[in-house]
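A, B, ... follow the sequence lines: proteins, then strands. Residue 1 opens every chain.
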Amino acid sequence: MSERFLVEAVNDALHVELERDPTVLVMGEDVGRLGGVFRATAGLRERFGADRCVDTPLAEAGILGTAVGLCMAGWRPVCEMQYDAFSYPALDQLINHVGRYRWRTRGKMSFPLVIRMPYGGGVRAPELHDDSPETYYVHTPGVKVAIPSTPADAKGLLAAAIRDPDPVVIFEPKLIYRTARGEVPEGEHVVPLGEARVAREGSDVTLVAYGAMVPLAERAAEALEDEASCEVLDLRSLKPLDEDSLLASVGKTGRAVVVQEAPRVCGFAAEVAAVLAEKAIFDLRGPVLRVTGYDVPYPYWQIEDAYMPSVERVRDAVRRLLSI
Amino acid sequence: MSQVLPAEGGLRRVIGDGESFPDGEVEGLGPDELLALYRNLVLLRTYDERSVVYHRQGRIGTYAIFWNHEAMQAGGVFALEERDWIFPAYRESAIGLLRGMPVSTVLSWWRGHPSGWWNPAEFNVASICVPIATQIPHAVGFAWGSALKGEDRVALTFFGDGATSEGSFHEGATFAGVMKAPVVLFCNNNHWAISTPLSAQTAAPTLADKAIGYGMPGIRVDGGDVLAVYQATREAVARARAGEGPTFIEAVTYRAAPHATADDPSIYIDLERVEVEKENECVGRFERYLLRAGVLTEARVEEIKQEALELMRTGIVEAEAEPPADPGLVFEHAYANPPPALADDLAELRRVLGE
C-alpha cells in the first residue's frame with residue numbers, strides 16, 4: 001500500500017498493466033513526450049517506448065477509429081481523450097463501431113479497447129473542459145462505463161477495464177485528481193466492473209453518487225449528521241449497474257437522492273430513479289429526488305458553482321424528502 | 001523511398017479500345033492469371049445483376065448496386081495476398097466472394113438474416129461498413145498495428161468519392177501518413193454520391209490531389225480498366241510492404257446504375273451519358289481485350305458466365321433455406337460479458353412470446 005493522489009493511481013495502473021500484458025498500448029494527444037496534460041501517462045514512453053505510448057495526431061475520431069483497427073490486429077489500446085468534451089468527435093466511431101463491431105462479427109472478434117478521459121466541472125477552466133458526458137456513453141449498446149471516486153478504485157477499475165474483453169469507458173473526475181488521496185494497493189489491483197461500494201453507512205436516506213459527487217455526498221452526509229443518517233452509495237460502474245447494492249441500500253433506508261453533475265434530462269440519475277420505481281416502489285417512503293446540473297450549457301467559470309451540485313443543494317433535497 | 005509529388009493528372013490505362021489506343025500488357029500476368037481475373041469480374045457482375053432481380057422478386061431487401069464497379073473491386077483485390085485484409089464499404093458488399101465467402105452469406109446480409117454476418121478473421125475481410133468513410137481509420141489502425149507486431153500484412157480499404165468529404169477520411173489518411181501504415185486507400189470515384197455530383201463534393205481538381213496533403217503518393221487510374229487498376233494497386237501494395245507507407249488510389253469511373261434499388265437516378269443524372277458509359281462498361285472491356293489476345297473464346301465466356309449463374313442459383317436457395325433466426329439472438333454478441341439486465345429482458349421476451 002502507498003498513499004497516492006487519484007491521478008497517480010491512474011498512472012500506476014497503466015504502468016502495471018503495460019508491464020503485465022505486452023499487447024496493451026496507450027495512445028492519445030500529448031500522452032507520450034509530455035506524459036499527458038494531467039500527467040496521467042507520465043513515464044510510460046520512457047519505460048515502454050514510443051510504440052506503446054503513442055503521441056497521436058490531434059484527431060479524436062482518428063484515435064478511436066484506428067483503435068478499432070488495432071484491436072483487429074491483436075492490440076488492447078487504451079485511448080486517452082484529453083478532456084470530456086473533446087471526445088465528442090469520437091462519438092461517431094463509438095456509436096457506429098466501438099459498440100457494434102463485436103455484435104457485427106456475431107461474437108467472433110473482440111474489441112477490448114479502453115477510453116479514459118478526465119471529466120467534470122468545478123476546475124475554473126475554459127469552455128468545454130467541464131462536461132459530464134457519461135450518459136452518451138452509457139446509452140450506447142456494447143459499451144461499458146465506470147467512474148472511480150477514490151485512488152484505489154481509479155487503479156482497480158482501470159485495470160479491470162483493460163482486462164475486460166468489451167470496450168470500457170473510464171471517466172476520471174478531474175476535480176479530485178489531486179485532492180482525493182488514499183491508500184492504493186501495490187502491483188496488480190483489480191476492482192471488478194459492476195460492483196457498487198457503500199462509502200458511508202446510514203439508515204434514513206441513500207445518497208447515490210459517482211465520481212466527484214461521491215466526496216460531495218459524503219460532505220453533505222456529514223453536514224446532515226444531526227438531522228439524518230445518510231448512506232452514501234458510490235456506484236463505481238454505471239454499466240453494468242449494480243442493481244442489487246442499489247436496491248439493498250434503498251430497501252434499508254426507504255429514501256434516495258441521486259446526485260450527478262451532468263444536465264438533468266435523461267441523465268444517469270433518471271435511470272437510477274427508474275430502476276427504483278420499477279423494483280423498489282414499495283420500499284420507498286418518498287419520491288426519488290435528483291440533485292443535478294441544469295439543462296443549460298455548462299456556465300462561465302466565475303459562476304460555475306451555481307451550476308454544480310453543492311452540499312447545500314443535497315442537504316436541501318434530503319430535508320425536503322424527510323419532511324414528507 | 002518514393003517521393004510524394006502532386007498527383008498524376010491523366011488516367012492510367014492498359015486495355016486498348018480496339019482502335020486508336022493499343023492494348024498493353026501487365027508484366028507477370030499470364031493467361032491463367034488473366035482468366036482468373038476475368039472469372040472474378042464475371043462473378044461480381046453476375047452477383048450484382050442477380051441481386052437486383054432478387055430484390056424485385058422480394059427475396060432480398062434494399063440493395064446497393066455496384067454495376068460497373070467490378071474492375072476496381074476485382075483488380076484491387078487481385079493485387080493482394082490472402083493474408084492481406086480488405087475493409088469494404090457497402091458498395092463492396094460482395095468482395096468476400098473473391099476470398100471464398102459463400103454467395104449465400106452475402107445474400108443473407110442483404111436479407112437481414114444473422115447468417116450474413118461473418119467472422120472477419122475467417123476471410124480477412126472486415127464487416128461491411130455502412131457509415132461513410134468510417135472504415136478508413138479501421139484499415140489504418142489494422143495496418144499500423146500489424147506492422148507494430150512485425151507482421152507482413154497490408155490493408156486495403158474501399159470508399160467512394162463522397163467519402164473524401166468526411167472527417168473520417170481526413171483523420172484516417174492523416175494517421176496513415178504519420179504512422180507510415182502499410183495501407184492502400186482505394187477511392188472509387190464514380191462521380192456521384194447518390195444525387196450529388198463530384199463538382200458539388202469538392203473544388204479540388206482531382207481527388208488524388210488530396211494525397212499530397214497527407215504525405216502520400218496519389219495515383220489516378222481508369223476505374224473501368226481492370227488491368228490498370230491491378231497494376232496501380234500492385235505498386236501501392238509493394239510500397240506498403242517495403243515500409244514506405246500508404247498510397248491513395250483514385251480510380252475514376254461513372255455510376256451507370258442507380259445508387260441502390262430504392263434510387264431513381266433519372267431525376268438527377270444525364271441519362272445519355274449513362275448510355276455511353278454502359279457501352280464501355282468494365283466487364284465487356286476486359287472480355288473484348290481477352291478475346292483480342294486469344295486468351296478467351298466466345299464459348300469459354302459463355303461457360304464462365306453459366307458457372308457464375310449456377311453459383312447464384314445455389315446461393316439464393318441456400319440463403320432462403322436458412323432457418324428463421326431465433327429472437328433470442330437479439331441479446332447475443334453485443335458483449336462478451338453482458339450486463340445482467342439483458343438476461344432479465346430475454347426472460348421477459350420469452351415469457352411474452354409464450355416460449
Quick one: what part of B:Ser168 sits under 4.5 Å from any heavy atom of chain A, side chain, backbone, both or neither?
side chain

Which answer fits A:Leu25, side chain, backbone, both or neither, if we ask what part of it has an atom under 4.5 Å from a heavy atom of chain B?
side chain

Report the C-alpha separation of B:Trp117 and A:Lys108 in whole Å, then their side-chain angles, then the decisive distance to 0.1 Å, and conclude whether the side chain to side chain contact (heavy atoms under 4.5 Å, CB included) test is met.
CA-CA 10 Å; B:Trp117 275 257; A:Lys108 296 295 195 305; over 6 Å; no

Can you tell which of A:Pro57, A:Pro165, A:Gly107 has the highest number of heavy-atom pairs within less than 4.5 Å of chain B?
A:Pro57

Checked B:Gly145, B:Ala336, B:Ala341 vs chain A; the most non-hydrogen pairs under 4.5 Å come from B:Ala336

Just by distance, no angles: are the side chains of A:His97 and B:Gln135 close enough, under 3.5 Å, to form a donor-acceptor pair?
no

Looking only at heavy atoms, which two atoms of A:Trp75 and B:Lys149 are closest? And how far apart?
NE1-CG, 3.5 Å

Using heavy-atom distances under 4.5 Å, tell me whether A:Tyr101 contacts chain B through its side chain, its backbone, both, or neither.
side chain

Does any N or O in the side chain of A:Gln93 come within less than 3.5 Å of the main-chain N or O of B:Thr134, such that one atom is a donor and the other an acceptor?
yes

Above 12 or not: heavy atoms from other molecules or residues under 6.0 Å from CZ of A:Arg52?
yes

Largest heavy-atom contact set with chain B, pairs under 4.5 Å, which of A:Pro240, A:Gly142, A:Pro167:
A:Gly142

Would you please test A:Met109 and B:Asn119 for side chain to side chain contact (heavy atoms under 4.5 Å, CB included) and show each step?
CA-CA 7 Å; A:Met109 292 191 93; B:Asn119 173 9; 3.7 Å; yes

Among A:Val68, A:Leu64, A:Leu70, single out the residue with the greatest number of heavy-atom pairs under 4.5 Å to chain B.
A:Leu70

Below 4.5 Å from any heavy atom of chain A, which atoms of B:Asp344 appear? Answer side chain, backbone, both or neither.
side chain

Interface check, chain A: of B:Trp85, B:Tyr335, B:Trp144, most non-hydrogen pairs under 4.5 Å belong to B:Tyr335

Bottom line for B:Ala126: the part with an atom under 4.5 Å from chain A's heavy atoms is both

Step-by-step side chain to side chain contact (heavy atoms under 4.5 Å, CB included) determination, B:Met179 to A:Val54:
CA-CA 10 Å; B:Met179 304 303 177; A:Val54 186; 3.7 Å; yes

How long is the gap from OG1 on A:Thr23 to CG on B:Leu148, to the nearest 0.5 Å?
12.0 Å

Among A:Ala67, A:Gly65, A:Gly74, A:Cys71, the residue with the most heavy-atom pairs under 4.5 Å to chain B is A:Gly65

Is it true that a side-chain atom of A:Arg102 and a backbone atom of B:His333 form a donor plus acceptor pair closer than 3.5 Å?
yes

Of the listed B:Thr174, B:Val140, B:Asn337, the one with the largest count of heavy-atom pairs under 4.5 Å with chain A is B:Asn337

Side chain, backbone, both or neither: which part of A:Val143 has a heavy atom under 4.5 Å from chain B?
backbone

So which of B:Pro339, B:Ala334, B:Ser146 has the biggest tally of heavy-atom pairs under 4.5 Å with chain A?
B:Ala334

Among A:Glu243, A:Lys144, A:Arg100, which residue forms the greatest number of heavy-atom pairs with chain B at distances under 4.5 Å?
A:Lys144

Quick check on A:His15: does its NE2 atom have over 12 non-hydrogen neighbours (other residues, nucleotides or ligands) under 6.0 Å away?
yes

A:Asp51 versus chain B, heavy atoms under 4.5 Å apart: side chain, backbone, both or neither?
both

Nearest heavy-atom pair of B:Ser115 and A:Arg106: which atoms, and what distance?
CA-NH1, 3.7 Å

Among B:Gly172, B:Cys129, B:Pro131, the residue with the most heavy-atom pairs under 4.5 Å to chain A is B:Pro131

Supply the atom-to-atom distance B:Phe175 CZ to A:Met27 CE, rounded to the nearest 0.5 angstrom.
5.0 Å

